[in-house]
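Below: one structure, written as structure tokens.
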Amino acid sequence: MSVRYTLNLRVFWPLVTGLCTALVCLYHALRSSEGARAEPPDGADSGFPLLKVAILLLLCYILLRCRHTIRQRLLPGSSRPCGHANFSARSLQEPGLSILLESYYEHEVRLSPHVLGHSKAHVSRIVGELVQAGRARGSPGPITGGALALAFRGDFIQVGSAYEQHKIRRPDSFDVLVPLRLPPQVALEPRSLGTEPALTPAFRSCFVCTLKAPPSPSGTSTGQWHRDCKPFAEGFCVDVQGRRHLSATLVLRWFQAHLQRSLATVRYSLEGRCRVSLTPGGLEQPPTLHILPCRTDYGCCRLSMAVRLIPAVHLGEGVFLVAPPPPPSPSGALSELPGGLRAEALWGVNTARQEQKLLGWLQERAPPGACYLKCLQLLKALRDLGARGLDPMAATHWGRILSSYMLKTAVLEVLLNEGGPTPSWDEAYLSECLEKLVKFLRDCLLRRRDLFHCVLGPAGAAAEVGPLPKVLREAPPVDLLAPFDQHARELAAARLLSTWRRLPQLLQVYGGPRYLARCPAPRSQRIQGFPEDEP
């Protein structure tokens, strides 16, 4: 995907000012060190006074900042009339929603490609060394080695918004899949739970994996296979309905212990570059690798980063089962599993490779200046603004029902329904595109339409993402909002609309240059078709 690099003036001009000041100080230090130089009579100074030079540089910086501010207020296209037949020169002095969004995006949302690139490269090096050390160590735990050992495959897969060009604010969190290698004597038979009628919607996107013997030309009997695989089955499987199923809980426990041992191996070699630590996630979250900058690291991107390391089992065609599965909604509890199912046997599915291919397919067909990724970033920022003022429990529910994955799926659904990015997604229509997405989310939350998984939906995106494993092709559609009850969806829809109607005021308060807060936003920028009163 193409990335547009722009100059960050908030960093550039202070850096130039500091550099010039340092040069002046160096100049004066060199002049004062010349012992043979005679002191000027009457205390006169033959060089520029340091205070005068610093004041001059400060004035230059203020003038340049004022010039940038004036240019921002008179950006072309930012003073477009939106629904006004009579457009006056007064609009040139009032920032509308478009200019507020642009300013907020540049100052609060947009992520520096330079910093993101450095962060991703740093994470890739650290995780690569850790995974290679884990592969070389073998398998601790219930099986200490040999042909039946569970082990790292040796590679890792970077997933999430940081690798899809729609991460916002800071590159301080990353997701990485760590594929596991199963013993050659073991094969899996995955099955979707979407067809279970007694299962709550919260678990219909989960999978279970039955242990089975792989096809073997040697004609090994079933009894002999069971005896040979007994150590692996006892260490990593649970019994469900009389059959052995690969346990996500036991695999995750082994994975965390193996990472701890691998980290102890590479910690010394990493001391000169960074400080690393591992926080176990228990049985509900994957472990998190914390990468802290070293005290002697004088690089330009000294950031503390958190990397979620997710154990994954490859199903084929770039699709993985991951442990643990996504957490259930508040309306679904693990005690509601019917038919003898056990929570330890549930796996989630990760189709990040297919989603990256789909984004690449859209990028190839997008006209120049398409803003659908910027709209996705602004949707995330809108969600964060809507969470302000909520108590911790309400903020958690709000962030779960409008998770980043939900928002990305909504954007992909709208684009696919339109056959790809059309000229209406030009950056000149940023506020209109964002309004379209807010309306779509409102309809999904109010059950006027479904929000299906972009790969596991009824039509899916198989033509755009390539072939899928048979178990995914035969899986029923997954509605991402089905786990949430009607009351929670109505509250989220009301909060979303209220945040959108108050967006100009919120942007003036929380984002961009402070001069925008003194200019009232015109009422013409309010979303069309929404009532003015609070829902």
Side-chain angles (χ1 to χ4, degrees), residues 1 104-105 108-111 116 119-120 123 157-177 202 205 281 285-286 288 305-310 320 322 324-329 348-360 362 371-388 390 394-416 433-434 437-438 440-442 444-445 451-457 461 478-484 488-489 492-493 495-496 499-500:
M1 297 181 183
Y104 186 71
Y105 178 80
E108 304 294 335
V109 178
R110 177 182 173 272
L111 188 60
L116 179 60
S119 301
K120 291 195 295 187
V123 168
I157 299 168
Q158 300 161 323
V159 299
S161 58
Y163 304 96
E164 297 173 354
Q165 307 300 332
H166 55 84
K167 191 170 182 60
I168 64 174
R169 293 194 173 93
R170 287 172 56 85
D172 54 2
S173 60
F174 299 87
D175 289 341
V176 174
L177 300 183
S205 62
Q285 293 291 335
T288 301
M305 292 172 287
V307 186
R308 288 201 315 162
L309 301 174
I310 307 171
F320 291 87
V322 294
S329 70
V349 64
N350 184 281
T351 57
R353 282 288 181 88
Q354 281 68 28
E355 293 158 22
Q356 290 173 1
K357 290 180 182 178
L358 181 57
L359 287 170
L362 292 171
C371 64
Y372 59 93
L373 287 179
K374 180 183 285 190
C375 285
L376 176 55
Q377 293 174 300
L378 287 172
L379 269 182
K380 296 180 183 180
L382 179 67
R383 173 202 59 197
D384 296 342
L385 288 174
R388 292 180 180 269
L390 295 177
T396 300
H397 291 170
W398 166 258
R400 182 176 295 174
I401 199 170
L402 288 182
S403 65
S404 297
Y405 192 79
M406 296 280 191
L407 299 180
K408 182 179 78 170
T409 304
V411 174
L412 292 176
E413 181 72 15
V414 172
L415 290 171
L416 291 176
C433 295
L434 194 59
L437 293 173
V438 171
F440 178 83
L441 283 170
R442 173 202 62 182
C444 292
L445 290 169
L451 183 61
F452 286 109
H453 193 285
C454 59
V455 177
L456 302 178
V478 174
D479 185 0
L480 299 179
L481 290 173
F484 301 94
R489 294 170 71 150
R495 185 76 180 180
L496 177 64
T499 305
W500 173 255

Fill in the blank from the handout: P171 and L116 have their tightest heavy-atom pair at CB-CD1, 3.8 Å
Problem - Non-hydrogen atoms of Y372 and V411 that approach each other most closely - result: O-CG1, 4.2 Å
Exercise for the section: Give, for atom CZ of F484 and atom CG of L445, the distance between the pair rounded to the nearest 0.5 Å. Expected result: 9.5 Å
Exercise for the section: Nearest 0.5 Å please: distance from the CZ atom of R170 over to the CE atom of M305. Expected result: 10.0 Å
Exercise for the section: List the steps, then state whether side-chain contact (heavy atoms from CB on, under 4.5 Å) holds for L412 with L362. Expected result: CA-CA 9 Å; L412 292 176; L362 292 171; 3.6 Å; yes
Completion exercise
One should read off an interatomic distance between L358 CG and L416 CG, to the nearest 0.5 angstrom, of 5.5 Å
Handout entry: R489 atom CZ, neighbour heavy-atom count above 12 within 6.0 Å
Key = yes
Practice task
Locate the shortest heavy-atom distance separating A306 from T288; write the atom from each residue and the value.
Solution key: CB-CG2, 3.8 Å
Problem - Inter-residue atom distance L407.CG - C375.SG, 0.5 Å rounding - result: 12.0 Å
Fill in the blank from the handout: Closest heavy-atom pair, I168 versus D384, reported as atoms and distance to 0.1 Å, is CD1-OD2, 3.8 Å
Problem - With sequence neighbours excluded, residues passing side chain to side chain donor-acceptor pair (under 3.5 Å) with K357 - result: none
Exercise for the section: Taking the side chain as every heavy atom from C-beta outward, state whether F174 and Q158 have any pair of such atoms under 4.5 Å apart. Expected result: no
Handout entry: Test side-chain contact (heavy atoms from CB on, under 4.5 Å) applied to V478 and L480, step by step
Key = CA-CA 6 Å; V478 174; L480 299 179; 4.2 Å; yes
Problem - Reported CG-to-OG distance for the pair L111 and S161, which is rounded to 0.5 angstrom - result: 9.0 Å
Problem - Side chain proximity check, L390 to R495, heavy atoms < 4.5 angstrom - result: yes
Practice task
Report yes if the side chains of V307 and L309 come closer than 4.5 Å at any heavy-atom pair, otherwise no.
Solution key: yes
Completion exercise
CG of L373 to CG of L378, rounded to nearest 0.5 Å, is 11.0 Å
Exercise for the section: For Q165 and L359, run side-chain contact (heavy atoms from CB on, under 4.5 Å): C-alpha distance rounded to whole Å, both residues' side-chain angles, the deciding distance at 0.1 Å, then the answer. Expected result: CA-CA 10 Å; Q165 307 300 332; L359 287 170; over 6 Å; no
Exercise for the section: Please report the shortest heavy-atom distance between L441 and A410, naming the atom on each side. Expected result: CD2-CB, 3.7 Å
Practice task
Could you tell me whether the side chain of Q377 and the main chain of K167 form a donor-acceptor pair under 3.5 Å?
Solution key: yes
Practice task
Please assess L382 against V438 for the test side-chain contact (heavy atoms from CB on, under 4.5 Å), listing each intermediate value before the final yes or no.
Solution key: CA-CA 10 Å; L382 179 67; V438 171; 4.0 Å; yes
Problem - Distance-only polar pair, side chains of S404 and R383, donor-acceptor under 3.5 Å - result: yes
Exercise for the section: Could you tell me whether the side chain of R442 and the main chain of L496 form a donor-acceptor pair under 3.5 Å? Expected result: no
Practice task
Could you tell me whether the side chain of I310 reaches within less than 4.5 Å of the side chain of F320, counting heavy atoms only?
Solution key: no
Exercise for the section: Check the pair H453, Y405 against ring-ring contact (aromatic ring centres under 6.0 Å, His included), reporting the backbone distance first and the verdict last. Expected result: CA-CA 10 Å; H453 193 285; Y405 192 79; 5.7 Å; yes
Exercise for the section: Heavy atoms only: give me the nearest C444-L451 pair and the separation to one decimal. Expected result: SG-CB, 4.1 Å
Handout entry: Heavy-atom donor-acceptor pair, K380 side chain to H166 backbone, under 3.5 Å
Key = yes
